[in-house]
Structure formats: structure tokens, C-alpha cells
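One structure is given here, and the rest of the page talks about it.
Please read all numbers here as calculations on a predicted model, not as lab measurements.
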Amino acid sequence: MTAQAGTGRTNQKQRTRTAIVAAARELIGTGAEVTMPAIARAALVSEATAYRYFPDLPSLISEALAGVWPPPAEALGPVADSADPVERIAFACEFLLRGVLARQGSVRAMIAATVTRPGAASARPGIRFGLIDHALRPLERTLGATDPEAFAQLKRDLAVVVSADALFTLTDQCGLDPDAAINSAVRTATTLTEAAVRPLT
């Protein structure tokens, strides 16, 4: 094989990979169910070809989502000047859950794939953790300094509420519409934060 032929094959592989990721990103943006067959069809490749480039759906979704979510500081820009952790966590919770709704096909697929394979859980983006950390920055020099364990526990408590899992429980099992579900989660997140902040005031 000539060097030119080798370069051509490499370029073709890169184009194929790019097409698969682009197809996944476009499907994710619709909020529809995300599956490997659907992505392969949209990319005009076989399902077998898609699996040659990505061993499973979570790895493909992770790559497709890279850069789609803004970094925490940018996401929380509208409350950047607020020192109120309750206001900040309310904004962070709503921001995350509305983003989940917009991409719920991919989020549901990711949860389904990783629930049955706990070892693959690290493939989940974990957007909530960065948002929670950034939202609670005003508490780092107060609660974080005086009671680090309580601060860590607050973050763990919020991770349960500020999550896609909580949102889908509220919509799928509690029967709430999306807006009511988000309001419920925000109310719980702010209640948890207020309870942690109260002893400091």
C-alpha cells in the first residue's frame, strides 16, 4: 500500500467517524429516542460499522455530547453576581433539568445502558456535579470551612435531586408534567440548601 493510499484510508475513517458523531449529535438535539441503529441510518452507515468505531452507545453519546453542555461558570452566568447559594442552586437545578428535557432521548439511553452495566457508569457526563460545586461556591468559606462533612453531605443530597433520574421519576412515575416536575425538584433542592445555610445565619 502506498503512503497516499494509506492517508486516503485514514481520512475516510475519520470522515466516517465524524459522520457518525454528527448524526448522533443531531438525533440527540431532537430529544427523540437515541439508538445505535437510528444513528447508523442517519449517518448512512451500517450498524456494524457504527460499532466498529464505538464499542457501545454510551461511548458514542459521550463523544457526541462533548462541548454541548457549557462549563459551569458559563451556565451559571446569569447568577454570577449572586452570593446567595439558594438562588444559585435553584438556577443550577432548573438549568440542568431543562437541558435534560431537551436531550432526554440520549439521557434515557445513557441511564438505561449504565444501570445494567454499573462499571460503565463513568461514561455518564456527570454535568450536575460541576453545576452543584459552582453553585455552592459562596459556602466554601463558611460551611465548607467550619463543617466540611456537612458541606460534602449537602452536595451528595443535591446530587440526588439535581439529576435526570429525579426528573424522570417525577414525570414517569409521579405523573407530573415537565414544568411541574422541574418546579418540584427546584423546590426540594432549595429546601435542602436553605436547611444547610440556616445555622450559619
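- The side-chain contact (heavy atoms from CB on, under 4.5 Å) test with Pro85 singles out one residue from Thr193, Leu143, Leu154, Thr190, and that residue is Thr193.
- Between the side chains of Thr16 and Gln12, at least one donor N or O lies within less than 3.5 Å of an accepting N or O.
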Please determine whether side chain to side chain contact (heavy atoms under 4.5 Å, CB included) holds for the pair Val100 and Ile127, giving the CA-CA distance in whole Å, both sets of side-chain angles, and the decisive distance to 0.1 Å.
CA-CA 10 Å; Val100 167; Ile127 305 299; over 6 Å; no

Trace of the side chain to side chain contact (heavy atoms under 4.5 Å, CB included) decision for Val161 with Val186:
CA-CA 8 Å; Val161 178; Val186 169; over 6 Å; no

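- Atom CD of Glu33 sits in a sparse spot, with 12 or fewer heavy atoms from other residues, nucleotides or ligands closer than 6.0 Å.
- Contact record, Ile20 with Ala50: CD1-CA, 3.9 Å, taken as the closest heavy-atom pair.
- The neighbour count for Glu140 CD, taken as heavy atoms of other residues, nucleotides or ligands under 6.0 Å away, is above 12.
- Residues Leu131 and Val162 are not in side-chain contact: their nearest non-hydrogen atoms beyond the backbone lie 4.5 Å or more apart.
- Looking at Leu176 and Ile182, their side chains never come closer than 4.5 Å, going by heavy atoms from C-beta outward.
- Linking ILVMFWY residues whenever their side-chain heavy atoms come closer than 4.5 Å, directly or via other members, leaves Leu44 and Leu60 in distinct clusters.
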Working note: Arg128 + Asp165, criterion side chain to side chain contact (heavy atoms under 4.5 Å, CB included); need CA distance, chi angles, decisive distance, verdict.
CA-CA 11 Å; Arg128 63 182 138 170; Asp165 314 67; 4.0 Å; yes

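- Across all their heavy atoms, Val107 and Phe168 have their closest contact at CG1-CE1, 3.9 Å.
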Just do the salt bridge (Lys or Arg N to Asp or Glu O under 4.0 Å) check on Arg17 and Glu63 with the steps written out, would you?
CA-CA 11 Å; Arg17 184 184 186 88; Glu63 184 160 332; 2.8 Å; yes

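- The side-chain heavy atoms of Tyr53 and Val45, taken from C-beta on, include no pair separated by under 4.5 Å.
- Using a distance-only test at 3.5 Å, with no hydrogens or angles considered, a donor-acceptor pair links the side chain of Arg88 to the main chain of His134.
- Without hydrogens or angle criteria, Thr18 side chain to Gln14 main chain gives a donor-acceptor distance under 3.5 Å.
- In this structure, OG on Ser82 lies 11.0 Å from CZ on Phe91, to the nearest 0.5 angstrom.
- Remark: Asp133 engages Lys155 in a side-chain hydrogen bond (donor to acceptor under 3.5 Å, both in side chains) (not counting sequence neighbours).
- Phe129 and Val160 are members of different hydrophobic clusters when ILVMFWY side chains are connected at heavy-atom separations under 4.5 Å.
- Inter-residue side-chain proximity for Asp179 and Arg98 is flagged as met; some heavy-atom pair is nearer than 4.5 Å.
- The shortest non-hydrogen separation linking Ala135 to Ala92 is CB-CB, 4.1 Å.
- For Asp172, the salt bridge (charged side-chain N to carboxylate O under 4.0 Å, His left out) partners two or more places apart in sequence, or in a different chain, are Arg108.
- In terms of heavy atoms, Ala19 sits closest to Ala43 at O-CB, 3.7 Å.
- To the nearest 0.5 Å, atoms CD1 (Ile132) and CZ (Arg137) are separated by 14.0 Å.
- Side-chain contact between Ile39 and Val34: present, with at least one pair of heavy atoms (C-beta onward) separated by less than 4.5 Å.
- Judged purely by distance below 3.5 Å, without hydrogens or angles, the side chains of Thr49 and Arg52 pair a donor atom with an acceptor atom.
- Under a 4.0 Å N-O distance rule, the pair Glu149/Arg156 qualifies as a salt bridge.
- Across all their heavy atoms, Ala189 and Ile89 have their closest contact at O-CG2, 4.0 Å.
- Atom-to-atom distance recorded for Glu26:CD and Thr30:OG1 is 8.0 Å, nearest 0.5 angstrom.
- To the nearest 0.5 Å, atom CG of residue Leu27 and atom CZ of residue Arg103 are 13.5 Å apart.
- Here CG of Leu97 is found 9.0 Å from CG of Leu170. Values are rounded to the nearest 0.5 Å.
- The two residues Leu139 and Phe151 make their nearest non-hydrogen contact at CB-CE1, 3.7 Å.
- Side-chain contact check for Leu167 versus Leu96: every heavy-atom pair is 4.5 Å or farther apart.
- Within a 6.0 Å sphere centred on CZ of Arg141, other residues, nucleotides and ligands contribute 12 heavy atoms or fewer.
- In this structure, Asp84 has no salt bridge (charged side-chain N to carboxylate O under 4.0 Å, His left out) partners at least two apart in sequence or on a different chain.
- Interatomic distance, CG of Leu158 versus CG of Leu192, reported as 5.5 Å (0.5 Å rounding).
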